[in-house]
Amino acid sequence: MKILVTGGAGFIGSHTLVELAAAGHETVVVDNLSNSNRKSLERVAELTGKEILFYEVDIRDREGLNRVMEVHRFDACIHFAGLKAVGESVEKPWEYYENNIGGTLTLLDVMRKHGCKNIIFSSSATVYGDSAIIPITEECLKGHCTNPYGQTKSMLEEIMMDMQKADNEWNIVLLRYFNPIGAHPSGRIGENPNGIPNNLMPYVTQVAVGKRPELGVFGNDYSTHDGTGVRDYIHVVDLARGHVAALQAIEKNCGCAIYNLGTGQGYSVLDVVKTFEKVNGIKIPYSIKPRRAGDIATCYSDPAKAEKELGWKAQYGLEEMCRDSWNWQKNNPNGY
Ligand code: NAD
Ligand code: UD1
């Protein structure tokens, strides 16, 4: 298929480009580079041995998108473009709503005007809020999002579902990611956070490389096996392959389909620290800090639906995730 990849220069987008190429799909990337670097696309080209067709266009720029879609006829769009920092979204809610919701509305409109009504959307486990049911299935009710970032994901899901109800030519696949970490095993592409990392694994790798003195563990009094928060970490290469698998749903005219992309296995913060230390032979100094506002104790998926319907299942475990995150960080201490 020929696929428009918005946000393709970013962390998950760049890994997905590699897997799409391996599966024989053709891609065109649109990204405004607000949180990425075109070097990631050069690295993808190096890994795939193919040029990447790239347009530096903002998805809020209707004319820019029109120009791309006048030149290319797409079978589907995989839509990664968006802002994703939870804390920043609390400080700049308007910017998050305008970029994520405004941008996606423009994208959807330009797509339908060009007759492309197939989209795979990057949603998040955050839409479940603090789920009463663990592991979380797609049937679980959506919960309360405590921040504007999460609200944009939840609202965009609703908007796309309503559009699909009104026009059944649309096929919409909502992929709810759990916690993507890891990097391509080559160490050539990976996560490149700006400033102080908000998420656990980039923080751990920056401690490992000597950029930060120690990890703060946010709370050890949760009702989990060691008191620290439990999450469903998923290797970004597995996640990327989940998008390739999701194209099957589009091919089968799924209408609206929702899939969890996780491993189904929950690990605590200290499990991650210990596994990282064991696999990479590096000590990660840490100290216990107060709980982070908005955090929940436990969140992990039931990934059975994606396996049953798409034949997709995560292959990598926590050890490979820790190995590949470190391989990326040590080979690229300052990112791209
Ligand atoms: P990322 O920031 O690395 O990639 C997002 C890309 O979108 C960046 O390259 C950025 O420059 C681009 N972008 C942002 N706004 C744009 C705009 N208006 N026009 C064009 N390009 C724009 O983030 P990621 O981790 O690769 O996440 C990809 C998607 O997955 C995002 O929508 C994110 O919310 C979602 N998601 C990520 C996680 C995670 O933990 N990484 C979890 C759940 C969902
Ligand atoms: C974060 C986002 C969420 C997003 C999800 C997917 C926040 C508040 N939420 O959730 O919207 O969908 O990623 O990737 O950012 N931790 C520490 N020390 C740190 C960093 C994290 O102890 O320096 C702990 C956290 O308290 C948590 C776990 O590590 O228990 C994972 O944290 P993080 O990587 O930020 O992911 P989530 O909180 O699951």
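Atoms within each ligand, like the ligands themselves, are counted from 1 in listed order.
In this structure, atom 9 (N) of ligand 2 lies nearest to the protein heavy atom Val86 CG2, 3.5 Å. The nearest heavy-atom contact from the protein to atom 32 (O) of ligand 2 is Arg292 NH2, 3.5 Å. The shortest contact between atom 27 (C) of ligand 2 and any protein heavy atom is with Arg231 NH2, 3.7 Å. Considering only non-hydrogen protein atoms, atom 25 (C) of ligand 2 sits nearest to Asp295 OD2, 3.5 Å. At the shortest separation from atom 33 (P) of ligand 2 among protein heavy atoms lies Asn199 ND2, 3.5 Å. Atom 12 (O) of ligand 2 has its closest protein heavy atom at Ser124 OG, 2.6 Å. What sits closest to atom 18 (N) of ligand 2 on the protein, heavy atoms only, is Gly216 O, 2.8 Å.
For ligand 2, one of its N or O atoms has an N or O atom of Phe218 under 3.5 Å away. Between Pro180 and ligand 2, no N or O atom pair is found at a separation short of 3.5 Å. Looking at ligand 2, you'll find an N or O of Asn179 within less than 3.5 Å of one of its N or O atoms.
In Tyr233, the part holding a heavy atom less than 4.0 Å from any atom of ligand 2 is the side chain. When non-hydrogen atoms are compared, ligand 2 lies under 4.0 Å from the side chain of Val269 (C-beta onward) but not from its backbone. Residue Leu200 touches ligand 2 through backbone and side chain together, judged by heavy-atom distances below 4.0 Å. Of the heavy atoms in Leu215, only side-chain atoms (C-beta onward) come closer than 4.0 Å to ligand 2.
Look at Arg38 and Asp31 and you find no salt bridge, because none of the NZ, NE, NH1 or NH2 atoms lies under 4.0 Å from a carboxylate O. Looking at Glu138 and Lys305, no side-chain N of the basic residue comes within less than 4.0 Å of a carboxylate O on the acidic one, giving no salt bridge. A salt bridge links Glu214 with Lys289: at least one charged nitrogen is closer than 4.0 Å to a carboxylate oxygen. Look at Asp109 and Arg112 and you find a salt bridge, because one of the NZ, NE, NH1 or NH2 atoms lies within 4.0 Å of a carboxylate O, short of that distance.
With contacts defined as side-chain heavy-atom distances shorter than 4.5 Å, the pair Val29/Leu17 qualifies. Counting heavy atoms from C-beta outward, Pro135 and Ser301 have side chains that stay 4.5 Å or more apart. Counting only heavy atoms from C-beta outward, the side chains of Ile119 and Trp170 approach each other to under 4.5 Å.
For Tyr233, there are no ring-ring contact (aromatic ring centres under 6.0 Å, His included) partners two or more places apart in sequence or in a different chain. Listed by chain and residue number, nothing satisfies the side chain to side chain contact (heavy atoms under 4.5 Å, CB included) test with Ser223 (two or more places apart in sequence, or in another chain).
Sorted by first then second residue, the side chain to side chain donor-acceptor pair (under 3.5 Å) pairs that include residues 191-202, not counting sequence neighbours, are Asn35-Asn194.
Interface atoms of ligand 2 facing Val217, defined by a heavy-atom separation under 4.0 Å, are 22 (O). Ligand-side atoms of ligand 2 in range of Asn198: 20 (C), 35 (O), range being under 4.0 angstrom from any heavy atom. For ligand 2, the atoms closer than 4.0 angstrom to any heavy atom of Tyr149 are 11 (O). The atoms of ligand 2 that sit less than 4.0 Å from any heavy atom of Thr126 are 11 (O), 12 (O).
The residue among Pro202, Gly87, Ala293, Gly229 with a heavy atom at the shortest distance from atom 30 (O) of ligand 2 is Gly229.
Between the side chains of Thr104 and His79, at least one donor N or O lies within less than 3.5 Å of an accepting N or O.
Ligand 2 is approached by Phe178 to a heavy-atom distance shorter than 4.0 Å. Within the structure, ligand 2 lacks Gly294 among the residues with a heavy atom less than 4.0 angstrom away.
Taking the six-membered ring for Trp and the full ring otherwise, Phe80 and His15 have centroids separated by 6.0 Å or more. A distance of 6.0 Å or more separates the ring centres of His144 and Tyr128.
Between Gln206 and Pro193, the closest heavy-atom pair is NE2-CG, 4.3 Å.
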Taking it one step at a time, do His72 and Lys2 satisfy side-chain hydrogen bond (donor to acceptor under 3.5 Å, both in side chains)?
CA-CA 9 Å; His72 303 280; Lys2 181 158 176 175; 2.9 Å; yes

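Ligand 1 lies under 4.0 Å from heavy atoms of Gly7, Ala9, Gly10, Phe11, Ile12, Asp31, Asn32, Leu33, Ser34, Asn35, Ser36, Val57, Asp58, Ile59, Arg60, Phe80, Ala81, Gly82, Lys84, Asn99, Ser122, Ser123, Ser124, Tyr149, Lys153, Tyr177, Pro180.
Ring geometry for Tyr336 versus Trp328: interplanar angle of 30 to 60°, hence tilted.
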